[in-house]
Amino acid sequence: MNKKQPPAIGKNIANYRKQKGMSMDELAKRSGVSKSMLSQIEQEKTNPTVVTVWKIANALNIPVEYLLKARSVSQIEVVRRDDAPVFYSEDHSCLIRVNSPVHTIDTLELYDLTFKPRGKLHSEPHFPNAEEFLTVITGKFRVTAGESSAILNEGDTGRYKADREHIIENLTDQEAKAYLVVWFPQ
């Protein structure tokens, strides 16, 4: 957090309220904070108490710390390649690099996948309604989700339900790469 400037709590509240499609009236009703007080806070004309921030965060259904975050000047969050956690599939035929910032894991996960020749990534079902989007960077893959299966070539993207057992297979005798987005709808 910037030590010279406090976080723009009011702007953060306004941004999250708008993202959730919530009017100021609705947020006032849900939080128990008056509309006039919300207006003053959003315009950065007054500093809310900790209890008020807590009430607003609960009404927005977000952690309090989201409202306390200072915005960086560039507002671009970067996960450096060397800082991204890396792990392997059970059989070590797929290297998995996690590209998602930690605070997004409840809704969105991003993975850079590198498969050995004929490598496979087998996954158990994720949360209900979870979906995956697999984009092939190099190679050719078979994606199987439950009873459905599809072949994806270089440049193709496949979307499938991930709340069932699913498998991604490299169909080539070469190393192959893909990018995976896992989405957990709220």
Side-chain angles (χ1 to χ4, degrees), residues 1-2 7-9 11-22 53 56-116 119-146 148 150 152-170 175-186:
M1 195 180 301
N2 184 336
I9 295 170
K11 285 185 177 40
N12 290 345
I13 291 168
N15 287 337
Y16 282 108
R17 179 177 60 77
K18 290 172 186 171
Q19 282 177 17
K20 303 237 178 212
M22 200 180 290
V53 173
I56 294 168
N58 281 327
L60 291 168
N61 198 26
I62 59 172
V64 170
E65 55 267 24
Y66 284 23
L67 299 179
L68 300 176
K69 280 192 174 183
R71 296 274 182 196
S72 66
V73 174
S74 69
Q75 295 186 0
I76 297 174
E77 185 173 4
V78 176
V79 176
R80 299 282 176 209
R81 180 177 177 24
D82 292 339
D83 295 335
V86 173
F87 60 99
Y88 292 87
S89 60
E90 217 171 279
D91 65 359
H92 287 271
S93 68
C94 179
L95 178 139
I96 304 160
R97 184 177 311 281
V98 182
N99 290 336
S100 348
V102 173
H103 63 86
T104 69
I105 61 172
D106 290 339
T107 56
L108 185 71
E109 295 175 0
L110 308 170
Y111 298 100
D112 181 359
L113 307 175
T114 304
F115 288 80
K116 289 182 178 177
K120 231 184 238 194
L121 178 60
H122 178 270
S123 298
E124 293 299 320
H126 300 317
F127 296 112
N129 300 316
E131 292 185 355
E132 290 187 355
F133 299 79
L134 182 76
T135 299
V136 177
I137 307 302
T138 61
K140 181 178 184 174
F141 290 88
R142 175 183 299 117
V143 176
T144 304
S148 302
L152 302 177
N153 297 301
E154 199 168 300
D156 292 348
T157 298
R159 179 180 70 99
Y160 48 93
K161 293 287 193 180
D163 57 359
R164 59 206 61 182
E165 186 177 346
H166 49 287
I167 301 168
I168 303 168
E169 301 173 76
N170 175 7
E175 181 179 272
K177 293 186 70 63
Y179 204 79
L180 180 67
V181 175
V182 184
W183 178 52
F184 303 102
Q186 297 299 313

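- Asn170 places a side-chain heavy atom less than 4.5 Å from the side chain of Phe141.
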Legend entry - Residue pair Tyr66, Leu60: steps toward the side chain to side chain contact (heavy atoms under 4.5 Å, CB included) verdict: CA-CA 10 Å; Tyr66 284 23; Leu60 291 168; over 6 Å; no

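- Legend: residues meeting salt bridge (charged side-chain N to carboxylate O under 4.0 Å, His left out) with Glu154, ordered by chain and number and at least two apart, are absent.
- Here the CD1-CD1 distance, from Ile13 to Ile56, works out to 4.0 Å after rounding to the nearest 0.5 Å.
- Listed by first then second residue, pairs satisfying salt bridge (Lys or Arg N to Asp or Glu O under 4.0 Å) with a partner in residues 176-186 read Asp112-Lys177, not counting sequence neighbours.
- A pairwise comparison of heavy atoms in Leu110 and Ser100 identifies N-OG, 2.7 Å as the closest pair.
- For the pair Glu109/Val98, no side-chain contact is recorded, criterion being any heavy-atom separation below 4.5 Å from C-beta on.
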Side-chain donor-acceptor contacts of residues 84-91 below 3.5 Å, not counting sequence neighbours, with atom names and distances?
{"from": "Ser89", "atom 1": "OG", "to": "Asp91", "atom 2": "OD1", "distance (Å)": "2.9"}
{"from": "Ser89", "atom 1": "OG", "to": "Ser93", "atom 2": "N", "distance (Å)": "3.2"}
{"from": "Ser89", "atom 1": "OG", "to": "Cys94", "atom 2": "N", "distance (Å)": "3.1"}
{"from": "Asp91", "atom 1": "OD1", "to": "Ser93", "atom 2": "N", "distance (Å)": "3.0"}
{"from": "Asp91", "atom 1": "OD1", "to": "Ser93", "atom 2": "OG", "distance (Å)": "2.7"}
{"from": "Asp91", "atom 1": "OD2", "to": "Ser93", "atom 2": "OG", "distance (Å)": "3.2"}

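- Within 6.0 Å of CG in Asn153 there are more than 12 heavy atoms belonging to other residues, nucleotides or ligands.
- Listed by chain and number, the residues in a salt bridge (charged side-chain N to carboxylate O under 4.0 Å, His left out) with Arg97 amount to none (sequence neighbours excluded).
- Note that the CZ atom of Phe115 and the CG atom of Leu95 stand 10.0 Å from one another [nearest 0.5 Å].
- Heavy-atom neighbours of Lys120 NZ from other residues, nucleotides or ligands within 6.0 Å: at or below the threshold of 12.
- Between Ile96 atom CD1 and Leu121 atom CG the span is 4.5 Å, to the nearest 0.5 Å.
- Residues in residues 132-145 take part in these salt bridge (Lys or Arg N to Asp or Glu O under 4.0 Å) pairs, two or more places apart or across chains: Arg142-Glu169.
- Qualifying side chain to side chain contact (heavy atoms under 4.5 Å, CB included) partners for Pro128, counting only residues two or more places apart in sequence or in other chains: none.
- Taking 4.5 Å as the limit, every side-chain heavy atom of Lys161 sits out of range of all side-chain heavy atoms of His166.
- Taking the side chain to side chain donor-acceptor pair (under 3.5 Å) definition, one finds that Ser123 meets it with nothing, sequence neighbours left out.
- Here Arg164 pairs with nothing under the salt bridge (charged side-chain N to carboxylate O under 4.0 Å, His left out) rule; sequence neighbours left out.
- Scored by the salt bridge (charged side-chain N to carboxylate O under 4.0 Å, His left out) test, Lys116 finds no partners at all (sequence neighbours excluded).
- Residues Gly139 and Ala176 share a closest heavy-atom pair of CA-CB, 4.0 Å.
- Between the side chain of Asp83 and the backbone N or O of Val79, no donor-acceptor pair lies under 3.5 Å.
- Partners of Phe133 under the ring-ring contact (aromatic ring centres under 6.0 Å, His included) rule, at least two apart in sequence or in another chain, do not exist in this structure.
- Taking the side chain to side chain donor-acceptor pair (under 3.5 Å) definition, one finds that Ser148 meets it with nothing, sequence neighbours left out.
- Judged purely by atom type and a 3.5 angstrom limit, Thr135 has no side-chain atom pairing as donor or acceptor with the backbone of Thr157.
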Inset, instruction - Report the C-alpha distance between Tyr160 and Leu134 in whole Å, list the side-chain angles of each, state the deciding distance to 0.1 Å, and finish with yes or no for side chain to side chain contact (heavy atoms under 4.5 Å, CB included). - result: CA-CA 9 Å; Tyr160 48 93; Leu134 182 76; 4.1 Å; yes

Inset, instruction - Carefully, step by step, assess Glu175 and Thr114 under the rule side chain to side chain contact (heavy atoms under 4.5 Å, CB included). - result: CA-CA 7 Å; Glu175 181 179 272; Thr114 304; 3.4 Å; yes

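- Listed by chain and number, the residues in a ring-ring contact (aromatic ring centres under 6.0 Å, His included) with Tyr111 amount to none (sequence neighbours excluded).
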